[in-house]
Asks: 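Before we start, here is the structure in question, set down as structure tokens.
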Amino acid sequence: MDLPTILPHLAVAWSVYFLAVISPGPATLAIAGTAMANGRSRGMALATGVITGSFIWAILAALGLSALLTQFAYALTGLKIAGGCYLLWLGWKNLRSAVKANYGSVERMSHEDLPLKVFYLRGLGIHLTNPKAIFVWISLVSLGLPAHAPPEVLYIFIGGAMIIGVTSFNMLAVLFSTEPMVRGYAKARRVIEGAMGLFFGLAGLKLLTSRI
């Protein structure tokens with residue numbers, strides 16, 4: 001394995017992945033909102049679900065799913081519909097919460113005292129019901145793998161990307177669960193949840209009306 005030749009490709013792909021991870025989107029907003037409203041552990045549980053979904057898409061892309069996409073047109077359409085409806089549901093939940101009365105305690109604002117696995121599955125659902133994620137990973141694999149690269153390069157690339165994803169998403173959960181963020185959320189809860197509800201709703205509509 002010619003590491004000096006391969007490293008520039010990997011560096012570019014990892015940089016693109018990092019920018020994609022930290023860019024505002026359904027996953028990052030869900031992690032931030034969950035961490036502020038429901039605490040650090042639940043925010044990190046949702047982040048773990050998101051990264052699990054990302055890892056699944058990465059493996060599928062690495063296995064050459066791009067060559068089979070034409071045979072899965074109906075499945076991708078169904079996934080797009082499911083993803084759009086899921087985002088609409090998240091939007092409705094946030095908008096419904098935004099119109100509720102303010103919580104009485106900043107220290108215990110959580111209005112969803114649910115098991116961690118529920119938040120994990122919520123994060124997993126956000127990522128697995130987004131069929132565009134597979135196309136992102138196909139592009140990343142193409143960037144990270146130069147022509148005639150040995151198979152172990154693929155493992156290095158996916159492993160590095162997962163480290164970036166786990167670190168970035170969990171740091172996001174930690175950041176938004178800090179006391180200043182929680183207090184800020186308490187003061188502007190209606191505005192934040194209303195904005196998140198609108199974002200998820202628009203993202204759901206865009207996914208439902210877009211071409212895959």
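Because the structure is a prediction, the values reported are computed rather than measured. When reading the values below, keep in mind they use all heavy atoms of this one structure, side chains included, and skip hydrogens, waters and symmetry mates.
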Asks: Under the ring-ring contact (aromatic ring centres under 6.0 Å, His included) test, which residues partner Tyr17, sequence neighbours left out?
Replies: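 Here the qualifying residues are Trp137.
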Asks: Which residues pass the side chain to side chain contact (heavy atoms under 4.5 Å, CB included) test with Pro180, sequence neighbours left out?
Replies: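 Partners of Pro180 under the side chain to side chain contact (heavy atoms under 4.5 Å, CB included) test: Thr178.
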Asks: Which value, rounded to the nearest 0.5 Å, describes the distance between Ile31 atom CD1 and Thr48 atom OG1?
Replies: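 That separation rounds to 8.5 Å.
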Asks: Are Trp92 and Leu95 connected, step by step, through hydrophobic side chains (Ile, Leu, Val, Met, Phe, Trp, Tyr) whose heavy atoms are closer than 4.5 Å?
Replies: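 They do not share one cluster, since no chain of ILVMFWY contacts under 4.5 Å joins Trp92 to Leu95.
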Asks: Between Phe199 and Leu29, is there a side-chain heavy-atom distance shorter than 4.5 Å?
Replies: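 They are in side-chain contact.
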Asks: Quick one: does any side-chain atom of Ser177 pair with a main-chain N or O of Ala173 as donor and acceptor, under 3.5 Å?
Replies: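 Indeed, once roles are kept as given, a pair shorter than 3.5 Å links the two residues.
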Asks: Hey, what else clusters with Met44 if you join Ile, Leu, Val, Met, Phe, Trp, Tyr whenever side-chain heavy atoms sit under 4.5 Å?
Replies: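 Result for Met44 is Val174.
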Asks: Cluster question for you: counting only ILVMFWY and a side-chain heavy-atom cut-off of under 4.5 Å, with indirect links fine, are Trp14 and Ile59 together?
Replies: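 Yes, Trp14 and Ile59 fall within the same hydrophobic cluster.
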Asks: Residues in ring-ring contact (aromatic ring centres under 6.0 Å, His included) with Trp89, at least two apart?
Replies: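 Checked Trp89 against ring-ring contact (aromatic ring centres under 6.0 Å, His included); matches are Tyr86.
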Asks: Is there a path from Val50 to Val16 through hydrophobic residues (I, L, V, M, F, W, Y) whose side chains come within less than 4.5 Å of each other?
Replies: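 Linked, Val50 and Val16 end up in one cluster.
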Asks: Who are the side chain to side chain contact (heavy atoms under 4.5 Å, CB included) partners of Leu121, not counting sequence neighbours?
Replies: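 Listed in chain order: Leu124.
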Asks: Same cluster for Leu116 and Ile126 if Ile/Leu/Val/Met/Phe/Trp/Tyr side chains link at under 4.5 Å?
Replies: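 Different clusters: Leu116 never reaches Ile126 through Ile, Leu, Val, Met, Phe, Trp or Tyr contacts under 4.5 Å.
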Asks: Rounded at 0.5 Å granularity, tell me how far CD in Glu193 sits from CE in Met36.
Replies: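 These two atoms lie 8.5 Å from each other.
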Asks: For residues 156-167, which side-chain donor-acceptor pairs fall under 3.5 Å, sequence neighbours excluded?
Replies:
from	atom 1	to	atom 2	distance (Å)
Thr167	OG1	Ile163	O	2.8

Asks: For Thr34, check side-chain hydrogen bond (donor to acceptor under 3.5 Å, both in side chains) against everything at least two apart and list the hits.
Replies: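 Partners of Thr34 by the side-chain hydrogen bond (donor to acceptor under 3.5 Å, both in side chains) criterion come out as none, since no residue qualifies.
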Asks: For Thr52, give me all partners under side-chain hydrogen bond (donor to acceptor under 3.5 Å, both in side chains), at least two apart in sequence or on another chain.
Replies: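 Testing Thr52 for side-chain hydrogen bond (donor to acceptor under 3.5 Å, both in side chains), a comparison that skips the adjacent residues, returns Tyr120.
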Asks: Kindly indicate, with the supporting measurements, whether the criterion side-chain contact (heavy atoms from CB on, under 4.5 Å) is fulfilled by Thr28 and Phe169.
Replies: CA-CA 7 Å; Thr28 53; Phe169 283 134; 4.1 Å; yes
Asks: Does a side-chain heavy-atom distance below 4.5 Å link Cys85 with Ile81?
Replies: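 In contact.
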Asks: Is Leu198 reachable from Leu88 through a run of I, L, V, M, F, W or Y residues, each pair having side-chain heavy atoms under 4.5 Å apart?
Replies: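 Looking at the clustering, Leu198 is in a separate group from Leu88.
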Asks: Say you draw a straight line from CG of Leu46 to CD1 of Ile51; how long is it, rounded to the nearest 0.5 Å?
Replies: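 These two atoms lie 12.0 Å from each other.
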Asks: Look only at the side chain of Trp57 and the backbone of His127, and say whether a donor-acceptor pair between them is shorter than 3.5 Å.
Replies: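 Yes, Trp57 side chain to His127 backbone: donor-acceptor pair under 3.5 Å.
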Asks: Among all residues two or more places apart in sequence or in another chain, which pass the side chain to side chain contact (heavy atoms under 4.5 Å, CB included) test with Val118?
Replies: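 Only Leu114, Pro115, Arg122 meet the side chain to side chain contact (heavy atoms under 4.5 Å, CB included) criterion with Val118.
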